[in-house]
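Order of the sequence lines fixes the chain letters, A, B, ..., with proteins taken first and strands second; residue numbering starts at 1 for each chain. As the structure is a computational prediction, the values presented were derived from the model and not from experiment.
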Amino acid sequence: MTLRLFNTLSGQMDELVPADGKALRMYACGPTVYDYGHIGNFRTFLQVDVLRRFLKLTGIKVRHVMNITDVDDKIIRNAAAAGVPIGEYTPKYVDAFFEDLDALRVERPEEIARATEHIDRMVELIQKLAAAGAAYQTEDGSWYFRLASFPEYGKLSKKDLSGMENGARVDVDEYEKDSARDFALWKAAKPGETAWDTAIGRGRPGWHIECSAMAMEYLGESFDLHAGGEDLMFPHHENEIAQSESVTHKPFAHHWMHVRFLLVDGRKMSKSEGNFFTLRDLLLKGYKASAIRLALVSVPYRHQLNFTFDGLTEATNAIERLRTFHQRVTKGHFAEGGNLDLILAAREADTAYMAALANDLNTAEARAPIFDLIRTSNTAIDQGRFLADDRTAVLAVLARFDAVFDVIADHDAEPTRRALAWAEQEGKQGDVAPELLARQSLTDEAIDALVAERTVAKKQRNFARADQIRNDLAEKGILIEDSKDGVRWKRK
RNA sequence: GGCGCGGUACCCAAGUGGUAAGGGAGAGGUCUGCAAAACCUUUAUGCGCCGGUUCGAUCCCGGCCCGCGCCUCCA
């Protein structure tokens with residue numbers, strides 16, 4: 001099973017296989033740690049997670065590198081406003097980022113590279129660029145990339161910049177540049193700003209150079225895949241290509257994957273429009289981390305995803321269906337043996353599931369056979385003909401589904417607990433939904449005790465008491481289900 | 001203005017040149033002490049509009065309308 005993935009560079013679907021035959025080397029642009037991540041950021045990380053999980057499922061080893069941009073204009077600005085050095089400003093947001101990734105069950109890349117720890121490599125690269133005639137220094141000590149030296153510029157984003165060489169838009173701070181489109185490799189230190197003393201002068205790196213330097217450091221001069229949000233295609237990725245290939249004269253990344261934007265209510269998220277959500281915002285509203293994951297993952301990466309609360313509710317309900325079924329199959333008692341039709345159905349579901357993902361990571365299509373299999377199985381269980389081998393076959397399919405989607409196994413308690421602790425710490429208790437607090441008000445043990453009491457009441461045919469307990473629990477978001485295999489309860 | 005993407009049922013969303021997956025929601029039914037869960041039935045003669053190609057188009061071509069994104073920091 002080989003993944004066919006749309007390649008922005010070639011403009012077509014290309015097979016994604018490790019060029020060295022060993023491990024797939026991929027680089028994905030990570031966060032700039034100046035604030036908490038928002039759900040748009042996480043859609044991209046989640047889709048890259050789907051990619052790497054699917055690759056692993058098909059038996060491909062992955063070597064995935066992600067950068068953390070811990071020095072840039074916004075960080076410098078915010079740190080200055082907070083009156084601390086950037087090294088004291090960013091750790092909070094780095095920690096928050098990983099906590100959020102954990103909440104969403106995004107796997108860690110094999111390598112996480114911080115910009116501030118790779119300044120040397122960036123300086124070396126700039127020196128090489130200068131030697132190759134692709135970089136020049138301006139009077140203030142900054143270094144720029146000379147676009148004119150790289151005729152292929154624009155090949156990724158399919159832009160023809162030839163007509164706009166020296167447009168009217170020239171930044172007053174950058175009047176010394178040879179061409180308006182030349183971009184900064186190294187920014188000369190300004191008084192009071194964070195800076196490094198290096199062989200090319202005192203200053204700090206431009207944004208694009210870090211990715212070129214770190215990608216080549218960990219993956220080599222040429223590697224398999226480079227991924228990121230669609231907005232990074234131009235100019236960020238285009239600039240990475242220019243910087244890297246001007247030095248190596250080899251293809252930087254063979255394959256480029258761009259995740260399209262998440263919109264909120266049909267509009268791009270922005271703080272000014274008030275449609276801006278962080279993961280924490282949603283957790284405190286009472287949504288489960290798994291529901292957020294499923295909602296952000298279920299629309300294929302090459303389509304815009306319109307985020308709505310209805311969509312989150314739908315994902316919540318879909319997960320309920322998956323988990324209820326999983327529990328039913330896991331906890332049920334089934335006789336020895338198996339049914340050929342069910343085992344075949346499981347196999348077909350798995351084939352269709354894998355084929356959908358192999359087709360440009362079509363997550364929406366991949367869900368369908370799983371739900372089909374659930375219905376088929378439920379019917380068989382209702383008919384009392386579901387057997388032990390059927391269970392084995394079906395659970396194997398669900399395991400492969402969860403190897404990528406990772407929403408059936410319930411890990412929702414911890415992210416919510418942490419979000420609540422965070423809200424308390426930050427004095428944001430006012431943002432916590434009352435329903436969430438109600439739901440958290442009972443411990444598992446207390447619920448078990450009430451459920452046991454209800455079971456006793458039912459045996460005594462004291463239905464009034466039994467229903468009272470059920471209703472009381474329901475008010476706190478705890479739902480009870482009676483079944484042949486005992487009583488199940490779950491938090492809404 | 002340039003580049004790109006999309007418009008499929010109440011909502012989300014796949015998909016194919018031969019007659020519309022899946023999820024959610026709604027309605028009716030079965031089961032149940034009652035519920036829940038589950039199952040069954042049901043909800044697009046129709047896939048933005050208009051032309052064209054074709055035996056046949058939602059899917060191909062052309063035009064139009066609408067929405068969105070990128071072109072500047074941005075996932």
Side-chain angles (χ1 to χ4, degrees), chain A residues 8 11 28-32 34-35 37-48 69 72-74 77 154 157-161 163-164 167 169 171 207 227-236 238 258-263 266-271 294-296 298-308 310-325 327-328 352-353 356 359 362-383 458 461-464 466-467 470-471 474 479-485 487-490:
Chain A
T8 309
C29 291
T32 300
Y34 67 100
D35 202 349
H38 60 250
I39 53 173
N41 294 315
F42 291 118
R43 148 117 134 147
T44 299
F45 298 123
L46 243 6
Q47 292 289 350
V48 171
T69 302
D72 93 316
D73 292 348
K74 283 195 199 96
R77 182 195 66 203
S157 55
K158 318 285 188 268
K159 284 189 193 305
D160 179 8
L161 301 177
M164 42 210 302
R169 185 169 16 168
D171 191 318
W207 172 36
E230 65 168 323
D231 55 311
L232 298 184
M233 191 168 96
F234 183 90
H236 183 55
E238 204 73 73
H258 290 99
V259 180
R260 297 212 65 194
F261 265 125
L262 171 149
L263 308 177
R267 292 273 155 195
K268 187 168 165 174
M269 262 197 301
S270 75
K271 285 181 177 165
L294 186 64
L296 297 187
S298 291
V299 173
Y301 79 94
R302 270 214 299 150
H303 292 278
Q304 287 175 338
L305 162 64
N306 188 22
F307 176 88
T308 62
D310 284 350
L312 229 37
T313 301
E314 182 207 310
T316 303
N317 294 337
I319 287 172
E320 274 315 309
R321 182 164 169 79
L322 290 164
R323 288 182 180 171
T324 301
F325 173 74
Q327 209 175 36
R328 189 181 194 198
Y353 165 73
N359 178 26
N362 192 333
T363 48
E365 192 182 352
R367 283 173 47 156
I370 302 302
F371 283 96
D372 279 337
L373 182 64
I374 288 175
R375 190 183 324 95
T376 305
S377 302
N378 267 324
T379 302
I381 295 171
D382 283 356
Q383 292 169 343
K458 274 178 62 186
R461 303 196 67 78
N462 181 358
F463 294 120
D467 289 351
R470 186 171 64 195
N471 291 338
L479 304 178
I480 288 184
E481 292 171 16
D482 296 329
S483 81
K484 266 180 273 183
D485 298 304
V487 184
R488 290 191 293 255
W489 64 263
K490 60 195 178 194

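Residues passing the salt bridge (Lys or Arg N to Asp or Glu O under 4.0 Å) test with A:Asp382 are A:Arg328, sequence neighbours excluded.
The side chain of A:Asn41 contributes no N or O atom lying less than 4.0 Å from OP1 or OP2 of B:C74. Side-chain nitrogen and oxygen atoms of A:Arg375 include at least one within less than 4.0 Å of the OP1 or OP2 phosphate oxygen of B:G23. For the pair A:Asn362 and B:A21, the criterion of a side-chain N or O lying under 4.0 Å from OP1 or OP2 is not met. The phosphate of B:C39 (OP1 or OP2) has a side-chain N or O of A:Arg321 nearer than 4.0 angstrom. Residue A:Asn378 has a polar side-chain atom (N or O) positioned under 4.0 Å from OP1 or OP2 of B:C39. Checking the phosphate oxygens (OP1, OP2) of B:G6, no side-chain nitrogen or oxygen of A:Arg260 falls inside 4.0 Å.
The base of B:C74 sits with one of its N or O atoms less than 3.5 Å from a complementary donor or acceptor on the side chain of A:Lys268. On a pure distance criterion of 3.5 Å, a polar donor-acceptor pair joins the side chain of A:Glu314 and the base of B:G23. A:Arg43 contributes no side-chain N or O that forms a donor-acceptor pair with the base of B:A75 under 3.5 Å.
For the salt bridge (charged side-chain N to carboxylate O under 4.0 Å, His left out) criterion with A:Glu230, the lone passing option out of A:Arg302, A:Lys268, A:Arg260 is A:Arg260.
Within 4.0 Å of A:Gly37, counting heavy atoms only, lies no atom of the nucleic acid at all.
An aromatic stacking contact between A:Phe42 and the base of B:A75 is absent, as defined here by ring centres under 5.5 Å apart and ring planes under 30° from parallel.
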- line: For RNA chain B, the expected dot-bracket line (Watson-Crick or G-U under 3.5 Å, [ ] crossing, | inter-strand) is (((((((..(((.....[...)))((((((.......))))))....(((((..]....))))))))))))....

